Amino acid sequence: MNYNFDRLVDRRDISVKYGTPGLLHPGCKLPEDPIPMWIADMDFACCDTILQAIHKRVDRLTLGYENPVTPAYLEAVCGWMLRRHGWEVAPEQIVTCSGAIDALKLAVTAFTKPGQKVLIQQPVYGPFGQTVTACGRQAVDNPLVYRDGAYQMDLEDLERKAADPDTVLLAFCNPHNPVGRVWSREELEAVRAICRRHGVLIVSDEVHCDIIRKEKTFLPMGMVDPGNVIASTTPGKTFNLSGMKLANIVIADPGLRERFLAVRGGKNFPNPLAAAGTLAAYQSCDSWVDQVNDYLDESFAILSRRLPQAMPKARLVPPESMFLAWIDLHGYNMTDRELCRLLVEEAGVVPDPGTHFGPAGSGFIRLNIACPHSVLNEALDRIEKVFARL
Ligand SMILES: Cc1ncc(COP(=O)(O)O)c(C=O)c1O
């Protein structure tokens, strides 16, 4: 079956992306018809198979306490990991919770003490640092290095900071949001070795792992060091199911799993509708994901082709993964506020400001391009009108 990602789905009255873009840029006046290109969900309709499974579950007429984490559910999750990533996950290694950030919070609570240090690698998804701080721990930055338009890890700095006896956990992101890197085997091996040398546990956020450019291969951190990794996977980004709030956390080591479960609590069962959708997704929606990846490859091709004319001084960071473009606007020599004001007020396009990902994000924007190509082209037309002359 062919899916139609060109279809415009009107979700202006139900989506955070459409409902509250003003909150993102305080002080900016929104035009009447802004094109929101920020928070990371897709404008595409979910796969019919998933929606039908949820309908079918509703038709059972009750939604009481139940445990939808059945053997079939676990088998579907494990089947996906094996088929798509060559990752052998045993059903008993999976612990569900309500999201990747919930998992980070649980891991920080389970494996660190108040005041201890958790490494993050900025620019990175803002809630990493916020979660660590909200738990009363210290977020310590091991900043990524931006050189010649691309990002790498600073492994020497990582080693130095991991060696601090107060550092007990690394909140890792693979693929990395927002810079889009899909870390290579060599890079993952280096992180594994450093963390092992210094007794640092890795919480690997892999929520973007299924949306990958064709020439790239995602390697799960859980395959590199099963005994020292808490790996967060969710169907949210892959199938546009983020509102379902269901994550499958893979913890191969039984001791680590027990400690994580002790904090999560035993009878913490997922929402049955979310589980029904997730089961269907992992069981039989491979083709939807293949097609959405093809569509997004084309979206990035449009962006790369048009950006030099629309925003001549912009530089697109090589998009190895995700549906999020990380764009370097230092060439415009403007403040973040001024850049966003031009984009929001004059162009009518609402990006995520780069500073949401830490100070290292200053001078960048993140654009969510998981929208029909017609919308992407309209956004680029609008940007061109304002930025081509600057
Ligand atoms: C890297 C990363 N982790 C976690 C999340 C949020 O995931 P969840 O809703 O499962 O907490 C996002 C959402 O954009 C993300 O980009």
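Keep in mind the model is a prediction, meaning the values are calculated, not measured. Remember, it's 1-based here, ligands and their atoms both numbered in the order they're listed.
At least one side-chain heavy atom of R257 sits under 4.5 Å from a side-chain heavy atom of V95.
For F44 and Y295, the distance between ring centers is under 6.0 angstrom. In this structure, Y332 has its ring center under 6.0 Å from that of F387.
The residues R57 and E66 are annotated as salt-bridged, a charged nitrogen and a carboxylate oxygen being separated by less than 4.0 angstrom.
Ring geometry for Y151 against F364 counts as tilted: the plane angle lies between 30° and 60°, on a 0 to 90° scale.
The protein residues lying under 4.0 angstrom from ligand 1, judged by non-hydrogen atoms, are A40, G99, A100, I101, Y125, C173, N177, D205, V207, H208, T234, K237, K245.
Remark: E298 CD is packed, more than 12 non-hydrogen atoms of other residues, nucleotides or ligands lying under 6.0 Å away.
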